[in-house]
Amino acid sequence: MKKTMRQNLTIGMKLTAIASALTVLSLPAHAEQWRGWNIHPPGYPNSIALESFAEAVADKTEGRIEPKVYHNAVLGDQPDAIEQTRNGALDFANFNMGPMGPIVPATNVLSLPFIFKSVDDMHQVMDGEIGQRFADALAEKNLVALSWFDSGARSLYNTQRPVETPADVEGLKVRVMNNDLYVEMIDALGGNATPMSYGEVYQSLKTGVLDGAENNYPSYESSNHFEIAPYYSLTEHLILPECLCIAKSSWESLSEEDQQIVSQAAEAAAEEQRQLWAERSQTSREKVLSDGVKINEVADKSAFQEKMQPIYAEFIKQNPQLESLVNDIQAAQ
Ligand code: GTR
């Protein structure tokens, strides 16, 4: 009797051991934990798309890669995060091409005001051969751009008055993203540009350190800047694409099969983001309007465009190797 019990016990123990060995075997040898940077809050189109990307990658690699998205720029502001992704401290991120300019000079072409005629033109250009040239330039700086997100058109907003002509910008203290081209852009309109990280803008508007800033509808709304700066003027001076970028070191550590999975997940995320973006642009606009924001059309955009001509001329003088890229983008629209 006793012997049988002991035998059962031994068999039981062996079975348990086999079961746990099997469990171990079914787990990937070393699951890669991937850290992803995101500037926006949960629920924002980009945030939802990044979450979908993370889920698809974890799912399709059967847990070999476990990406986690950190929202609200908790891992640092955008210029910092770009550096961290370049050196592999972060694995993936959604970056706007604006703050990319100081690191990847070719992307500055995208920051030339009014370079794109419309958001559709921007997508058509970025989804084609020219977009690949930007991806190549990013790759040289250790960033693998797998897909392009929508970021709409950026317009000026401020606490003081509607902007209808360049003269209305005179004297306004305007926050810009970290890129000298934007300082030149605001200076050319007679304003005072202040480069500042996104997270500091709300407080600076509130205390009067800033009179205004510039952004698309979803960011203007989700950042609550509209509560303090209620004049939103449709200058639409910048149409900046955003990338879903992977750190080169993380990318190169993947098998070919996993690269394909990650790449497909990034494409699917961009598709989802663009659709959510279109919806959110509408709802953000409605939300700020119902809160009392005054939105004005800018009847004569050419007055703003003319002020930008010296910036183009100087840019091409300083970067002759980028002239053909500027021309090719203009010709493609
Ligand atoms: C948003 C963009 C962010 C960030 C922000 C800013 O539209 O999605 O990546 O660039 O603007 O103004 O700093």
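As the structure lists them, so they are numbered: ligands from 1, and atoms in each ligand from 1.
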In the structure I gave you, are the side-chain heavy atoms of His123 and Val119 within less than 4.5 Å of one another anywhere? yes
Amino acids in close contact with ligand 1, where any non-hydrogen atom sits under 4.0 angstrom away: Ile39, His40, Gln78, Asn96, Ser151, Arg154, Arg175, Met177, Tyr198, Asn215, Asn216, Ser219, Glu242
Ion pair present between Arg280 and Glu221, side-chain N to carboxylate O less than 4.0 angstrom? yes
Show, in sequence, the C-alpha distance, side-chain angles and deciding distance for Glu257 and Arg64, and conclude whether the salt bridge (charged side-chain N to carboxylate O under 4.0 Å, His left out) test is met. CA-CA 12 Å; Glu257 182 203 350; Arg64 287 189 294 281; 3.7 Å; yes
Measure across Gly76 and Trp37 and return the closest heavy-atom pair with its distance rounded to 0.1 Å. O-NE1, 2.7 Å
Between Ser324 and Asn327, does the side chain to side chain donor-acceptor pair (under 3.5 Å) criterion hold? Intermediate values first, please. CA-CA 5 Å; Ser324 58; Asn327 291 340; over 6 Å; no
Tyr217 and its ring-ring contact (aromatic ring centres under 6.0 Å, His included) partner, picked from Tyr232, Phe226, Trp277, Tyr44: Tyr232
